[in-house]
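The structure appears below as structure tokens.
Read the numbers this way: they start at 1 and go in the same order the structure lists the ligands and their atoms. No hydrogens, no waters, no symmetry mates; every other heavy atom, side chains included, goes into these values.
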Amino acid sequence: MYGSERAGDDAERTAFRKSEKKYKLYYENNPKSSKKKKQPKQVDLSEVLDFKFISELFNQKGELPPGVVHVNCGFDGSVFGLENRPGFYFIPGAVTLDEQCKWIRESLTNFPQPPNRTNHNVIYGPISNLFSAAKEGKIFVEEERSNNDLDSDSSGSVSNGDCGRWTFHEEDIARSRGKTCKLVPASVLLRKLRWSTLGLQFNWSNRNYDVSLPHKKIPDALCQLAKRMAAPAMPVGEEFLPEAAIVNYFGSGDTLGGHLDDMEADWSKPIVSMSFGCKAIFLLGGKSREDEPLAMFLRSGDVVLMAGEARECFHGVPRIFTDEEKAEITPLESQFSDEDDRCFLDYIRTSRININIRQVY
Ligand SMILES: O=C(O)CCC(=O)C(=O)O
Ligand SMILES: [Fe+2]
């Protein structure tokens, strides 16, 4: 479902796919000799629902656009729904700026730490301290393997079955070994980090939760936040129990293809999906890929809930906006203005992070 995967021919022609193509990032064809930075092609955003604007209009005048409803549920802040998508909730600006910063930091430092798995696991095995290695300009080096090296872990380096042993090194040491070993800068690996999983670990090959994989509980503060956010979509008298979370990382041009999240047992429980960093377009389709999806903006701090019938709706993220004006992260940038936070600032200026939290059983 990630951007690099190819959809089949039939999938190419669905209403959902057409919408994905409409909003996807394309560049203008600059003449080859031009030294100018690549310019993104302009896209018509007039049909994209903007819940920030909807919320402002509702608070000022009590007005709502056709098809949008205000949900009266005692939540501290406005909650909106869609007439023809029961179980879908949008809470604009639900997460405070302080909390946004906290979860951005956690998503980059602690969440990708073993035993949590990331997309890098299959190639490199578990990687510890990727963010600090990137910050320090380190290089990941594959050591030459001898037979008795395999699966030994005494040096603190990583070994994972068929993967070699990879270790972070200072640049000069790494380059001196570069003639015989594979090298990957930590900054490249950080850029290519696409997901990490918290709590019960999701196995992407079998598309199920693998309870036999080692895991840590989701941090308590994140559970508390998710419980509070889930409330508008919860059956009366029940409490949301966060058991697993997927953290998605998007750089410029990255997409999340249309999909359903159907591996959880009880679809009456919501998926709590929180957005951080650059603004994105979210597509909410229907139960078939043939149904015309609705496009909406997701900004840093927005929360989306998908419960009940909305759990059966295709959805995805065809676009994030990384240009200064459209990313809408000025308040976040000022929070990361300290010199020590430079690396967070650099990352988030061109990235989006989504944390979606699930009750599995
Ligand atoms: O990034 C988003 O807003 C959506 C993420 C999502 O749908 C998922 O991880 O299943
Ligand atoms: Fe999803």
Locate the shortest heavy-atom distance separating S107 from I353; write the atom from each residue and the value.
OG-CG2, 3.7 Å
Has Q100 got a side-chain atom pairing as donor or acceptor with L332's backbone, closer than 3.5 angstrom?
no
Would you mind listing which atoms of ligand 1 come within a distance below 4.0 Å of any non-hydrogen atom of R352?
1 (O), 2 (C), 3 (O)
In ligand 1, which numbered atoms sit nearer than 4.0 Å to a non-hydrogen atom of L256?
4 (C), 5 (C), 6 (C), 7 (O), 8 (C)
So the atoms of ligand 1 within less than 4.0 Å of a heavy atom of D261 turn out to be 10 (O)
Looking only at N, O or S atoms, which one in D261 sits nearest to the Fe ion (ligand 2)?
OD2
Y347 ring centre to R191 NZ or CZ under 6.0 Å, with the angle to the axis within 45°?
yes
Side chain, backbone, both or neither: which applies to I271 and ligand 1 if a contact is any heavy-atom pair less than 4.0 Å apart?
neither
Pairs satisfying ring pair (Phe, Tyr, Trp, His ring centres under 6.0 Å), at least one member in residues 262-286, at least two apart
F282-H315
Determine whether any heavy atom of R358 lies closer than 4.0 Å to an atom of ligand 1.
yes
Using a strict 4.0 Å cut-off to heavy atoms of H259, name the atoms of ligand 1 that fall inside it.
6 (C), 7 (O), 8 (C), 10 (O)
Here the atoms of ligand 1 under 4.0 Å from any heavy atom belonging to N354 are 1 (O), 2 (C), 3 (O), 4 (C), 5 (C)
Is K18 salt-bridged to E292, going by a charged N under 4.0 Å from an acidic O?
no
For the Fe ion (ligand 2): the N/O/S atom of H315 at shortest distance
NE2
Any heavy atom of V304 under 4.0 Å from ligand 1? The part involved is neither
Heteroatom distance test (N248, ligand 1): nitrogen or oxygen, under 3.5 angstrom:
yes
Hey, which atoms in ligand 1 end up nearer than 4.0 Å to a heavy atom of H315?
7 (O)
Closer than 4.0 angstrom: is that true for some heavy atom of F250 and an atom of ligand 1?
yes
On a heavy-atom basis, which atom in G277 and which in I104 lie closest, and how many Å separate them?
N-CD1, 4.4 Å
Would F314 and H259 count as a close aromatic pair, with their ring centres under 6.0 Å?
no
F250 six-ring face occupied by R352 cation (under 6.0 Å, within 45°):
yes
To the nearest 0.5 Å, what is the distance between CG (L82) and CZ (F88)?
5.5 Å
Numbered atoms and elements of ligand 1 in range of L298, under 4.0 angstrom, heavy atoms:
3 (O)
In residues 322-330, what donor-acceptor pairs under 3.5 Å come from side-chain atoms, sequence neighbours left out?
unit_1: E328; atom_1: OE1; unit_2: R299; atom_2: NE; d: 2.7
unit_1: E328; atom_1: OE2; unit_2: K279; atom_2: NZ; d: 2.8

Atom name, H259 (N, O or S, nearest to the Fe ion (ligand 2)):
NE2
